[in-house]
Structure formats: structure tokens, C-alpha cells
Undergrad: 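Submitted below is the structure of interest, expressed as C-alpha cells.
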Amino acid sequence: MNMDGKLVSTWYNLHSSVPESYVQPAERQPCNAVLSTIKTIPVIDLGGHDRDDIIRNIVKSSEEYGFFQVVNHGVAKELMDDTLRIFKEFHAMPANEKLIESSKDPNGSCKLYTSSGRNCADVAKYWKDSLRHPCPPSGEFTEYWPEKPEGYREIVGKYTQELRALGLRILDLISEGLGLSPNYFSEELSANPVLISHNYPPCPEPSLTLGASSHKDPNILTILFQEPNITALQVLKDGAWIPVEPIPNAFVVNMGLMLQIITNGRLIGAEHRVITNSSPNRHTIAYFINPKKDAIIGPAKPLASSTSQAIYPSMPFGELLENFMNKGPYFEAEFRL
Ligand code: OGA
Ligand code: NI
């Protein structure tokens, strides 16, 4: 079975308390968390006419928070609504049907999993089910995507095309702001995007559990669409958590660890996590911009010159990812030059 453990969505409503294996150690429990006095992350209007101002805001937010939200980003509301509906319907299907629809590739490129998908390494499990698959611009792998709910491939295909365009547009603004060449990210650094649809079921004891661990995304850039009206994503800044409240039709954008390395530590791949709620179900759709496995990741020349030396070594993305998977986000401390 291509699933580590049983999907939370199949049993959560049978419990009035959280199973022991889902109880986080005290220091990670949301009830013991320090909340930030900062109430929200910056919001950037991509529809504004002052390009320099947009660039300045993006760079500043990425330096200070590693996170921002974008509005007037050009992705049609109808497409966002349709895509969210498709994934809600997917997670609402019977478990056996979800499994069939997500197990079409013998190599496992498309998969349905629960918790972090790496249960053995986790101290406690996470209150979440996720569907994940590659979504490269070439269209490769589409034959392994689910065919249900009806329209899945067409709608998710269109969505991932639009998100790629938006991601490259944001990366171009970042490049311009930092003095990197135009299209710096548009080839091998963004060739392997992945889409993950997360489903966080209602949880009877949100104070004890987490939907997703405190983590940094091991990629270039992530664009997240959160279901409206439920706040659960939190960003760590100066040791305290800032909630990321959903704004209707906005996307949350965050820097990945690879972008932190490429910018020689100037932009931050901030730690973030997901708390649970007692109701209702929460869905999010994460579009991850990932490099090719053999793309060399290291500080970009213009950002690591004689005046500011490279603080990270350069190595292939595949190797970096392996380190990250084995050691977790804290491999970063060892990784610095
Ligand atoms: C992720 C992530 C946040 C969310 O997928 O890496 O941080 O709210 N998701 O689902
Ligand atoms: Ni993340």
C-alpha cells in the first residue's frame, strides 16, 4: 500500500481525544507557543503600477520574514475556486478510490500519504493527509495524475501552468531587486515543480497536535493557496509565531532554503508550521518550485563577491536534498562555510 499508515480523514471523527501517537512533545504543543506581537505578514499588490515599489516590497518582505502574501496576481478567481473544489472533492472520496487514483505510477511519482510521509523519523505524527505529484511544464507525469474527480487533469493542469507563470514572475522581480540576470530562475532552477494538496481534518484537541511540523521548504519558492476563513499556518520570526490569515483570492509566497543559499543568506527560508482546528476541514494547495536534481545550488556570483564572501558551499540540488532529508532543516548549521 502506497500509504504510510491510515489516512487521518478515515478515522478522525471516531475520536473525542487525540491518539497518543499524535500528541506533540510539550515544547512543540501550540498551547505552549510564544505568539508574536506582529499580527500579520506583509501583503503585496502585484497589480500596482510602480514596479520599483513592488520590487522593493518583495525584497524587504523576503529579507525580514521570508514570507508575504500577493493580491491582484493575475490568476483567475474561477480557476482558483475550481482547483480548490477538485481537491476538496478528491479528499472527500472513499479511501480506496483515493488510493487507486493516486497510485498509477509504478515509480511512485504520484502518491497519497498521511502525516509527514516520513513517520519513522518523527517524534509524533501530524494531523494531515496529502496528495503529491510532479507538475513540470513539459506535461510529463500527467498520465499518472488522478482522473477523478472529473476534470482533475484539465483543471489542475491549467492551475499549475498559471502558478508556474506567477512563480517565475515573482522570481524575476526578486532577480531584478537583487541584481541577478533576468530569467536567472527560469530554466534548470525551476524545472521540477511539485504540487501538494493538503487536507487537515478537524481535530478534537488542537492544543496538543500539529498539522505540519516546524519546517523550512527545501526548494526555491513555494506558492500556497489556503482555503479561506481558517487560520492555521504560522511563521516563526525572532522566536515567536505570526499567524498567516487567509485573504480571499490571495496566495502566500515563501522563500525556500535553496533561495536562501542562492542569495547567500540575504533572503530567508523561514520556518513555518501548521496548527490544527477543532472544525472544519482545512485544505491548502502548495506549488513548489524545485530545481533539477543536478542543478548546482550555491551563492550567486553577484551576491557573493569579495565584499561579501560566500557563506554556503555549492553542490547539486539532489545532494543537498539528501542532506536535508537525512538531517532535517538543522543541517543548515553544519552546512555553513
Ligand atoms: C508546505 C506547507 C502549509 C499549509 O506544504 O510546505 O508549509 O498551510 N504548507 O498547508
Ligand atoms: Ni512549508
Side-chain angles (χ1 to χ4, degrees), residues 7-9 28 30 33 40-41 62 65-70 80 83-84 87-88 90-91 110-118 121-122 125-135 156 159-160 163 167 170 192-203 206 209-237 241-248 250-260 267-277 280-290 321 324-325 328-330 332:
L7 298 173
V8 180
S9 51
R28 298 187 188 189
T40 187
I41 58 166
S62 307
Y65 297 85
F67 263 82
F68 52 86
Q69 302 207 54
V70 288
M80 295 175 71
T83 309
L84 182 60
F87 284 119
K88 285 174 113 162
F90 177 87
H91 288 286
C110 180
K111 66 175 180 176
L112 180 64
Y113 58 95
T114 189
S115 188
S116 68
R118 317 184 255 148
D122 295 327
K125 292 185 191 173
Y126 300 99
W127 200 266
K128 152 173 100 74
D129 300 333
S130 306
L131 169 69
R132 160 201 168 104
H133 58 66
C135 51
V156 175
Y159 182 81
T160 54
L163 272 267
I170 293 169
N192 284 342
V194 166
L195 193 75
I196 306 188
S197 148
H198 298 296
N199 175 28
Y200 303 94
C203 176
T209 51
L210 288 175
S213 68
S214 176
H215 69 281
K216 300 182 180 204
D217 293 349
N219 64 340
I220 300 280
L221 196 82
T222 304
I223 306 181
L224 183 82
F225 177 26
Q226 321 190 65
E227 175 161 21
N229 304 322
I230 313 161
T231 305
L233 175 61
Q234 300 181 327
V235 179
L236 189 63
K237 181 169 164 55
W241 296 100
I242 307 173
V244 181
E245 272 162 34
I247 299 172
F251 287 111
V252 179
V253 178
N254 69 278
M255 315 301 114
L257 192 52
M258 302 306 141
L259 192 56
Q260 177 177 320
L267 306 189
I268 53 170
E271 250 177 80
H272 51 286
R273 70 176 188 181
V274 179
I275 60 170
T276 61
N277 280 281
N281 249 73
R282 172 176 180 260
H283 296 85
T284 61
I285 308 165
Y287 178 84
F288 295 91
I289 297 181
N290 291 327
L321 203 58
F324 184 88
M325 292 307 177
Y330 302 104
E332 214 186 322

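The structure presented is a predicted model; accordingly, all values stated were derived computationally and were not measured. Atoms within each ligand, like the ligands themselves, are counted from 1 in listed order.
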Undergrad: At less than 4.0 angstrom from any non-hydrogen atom of His272, what atoms of ligand 1 do you find?
TA: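 Near His272, the atoms of ligand 1 are 7 (O).
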
Undergrad: Once rounded to the nearest 0.5 Å, what's the spacing between atom CD1 of Ile268 and atom CG of Leu236?
TA: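 Reported to 0.5 Å precision, the distance equals 9.5 Å.
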
Undergrad: Can you sort out which atoms of ligand 1 are near Asp217, meaning under 4.0 Å from one of its heavy atoms?
TA: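 Numbered from 1, ligand 1 contributes 6 (O).
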
Undergrad: Drop me the distance from Leu163's CG to Thr222's OG1, to the nearest 0.5 angstrom.
TA: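 Taking CG in Leu163 and OG1 in Thr222, the distance rounds to 11.0 Å.
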
Undergrad: Just wondering, more than 12 heavy atoms not from Arg132 lying within 6.0 Å of its CZ?
TA: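 Not buried by this count: 12 neighbours or fewer within 6.0 Å.
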
Undergrad: Are His215 and ligand 1 in contact, using a heavy-atom cut-off of under 4.0 Å?
TA: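 For ligand 1, residue contact (heavy atoms, under 4.0 Å) with His215 is present.
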
Undergrad: Measuring from the heavy atoms of Arg273, does anything fall under 4.0 Å of ligand 1?
TA: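 For ligand 1, residue contact (heavy atoms, under 4.0 Å) with Arg273 is absent.
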
Undergrad: Identify, by atom number and element, the atoms of ligand 1 in contact range of Val274, meaning under 4.0 Å from any of its heavy atoms.
TA: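 Per the distance check, 3 (C), 4 (C), 8 (O).
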
Undergrad: Which residue holds the protein heavy atom closest to atom 4 (C) of ligand 1, what is that atom called, and what is the gap in Å?
TA: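 Scanning the protein heavy atoms, the shortest distance from atom 4 (C) of ligand 1 goes to Tyr200 OH, 3.3 Å.
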
Undergrad: Select the closest option to atom 1 (C) of ligand 1 among Glu227, Glu271, His198, judged by heavy-atom distance.
TA: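 When every heavy atom of Glu227, Glu271, His198 is considered, His198 comes closest to atom 1 (C) of ligand 1.
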
Undergrad: Can you name the one residue among His91, His133, Lys88, His283 that meets side chain to side chain donor-acceptor pair (under 3.5 Å) with Ser197?
TA: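 Result: among His91, His133, Lys88, His283, His91 is the only option passing the side chain to side chain donor-acceptor pair (under 3.5 Å) with Ser197.
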
Undergrad: What atoms in ligand 1 come closer than 4.0 Å to a heavy atom of Phe288?
TA: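 Answer for ligand 1: 1 (C), 5 (O), 6 (O).
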
Undergrad: So if I apply the side chain to side chain contact (heavy atoms under 4.5 Å, CB included) rule between Cys203 and each of Ile275, Thr276, Leu210, which one comes out positive?
TA: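 Exactly one option meets the side chain to side chain contact (heavy atoms under 4.5 Å, CB included) with Cys203, and it is Thr276.
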
Undergrad: What do we get for Ile196 next to ligand 1 when only non-hydrogen atoms under 4.0 Å count, side chain, backbone, both or neither?
TA: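 For Ile196, no heavy atom sits under 4.0 Å from ligand 1.
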
Undergrad: How about His215 and His272: are their ring centres within less than 6.0 Å of each other?
TA: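 Judged by ring-centre distance (under 6.0 Å), His215 and His272 do meet the cut-off.
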
Undergrad: Using 0.5 Å steps for rounding, measure from the CG atom of Asn219 to the CE atom of Met255.
TA: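 That separation rounds to 10.0 Å.
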
Undergrad: Which protein heavy atom lies closest to atom 8 (O) of ligand 1, and at what distance to 0.1 Å?
TA: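 Ranking protein heavy atoms by distance from atom 8 (O) of ligand 1, first comes Arg282 NH2, 2.9 Å.
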
Undergrad: What closest approach, in Å, do Ile285 and Tyr159 show between heavy atoms, and which atom pair accounts for it?
TA: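 Looks like CG2-CE2, 3.9 Å.
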
Undergrad: Would you say ligand 1 has an N or O under 3.5 Å from any N or O of Gln226?
TA: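 Min N/O separation from ligand 1 is not below 3.5 Å for Gln226.
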
Undergrad: At the Ni ion (ligand 2), what angle lies between atom NE2 of His215 and atom OD1 of Asp217, rounded to 10 degrees?
TA: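 Result: 90°, to 10°.
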
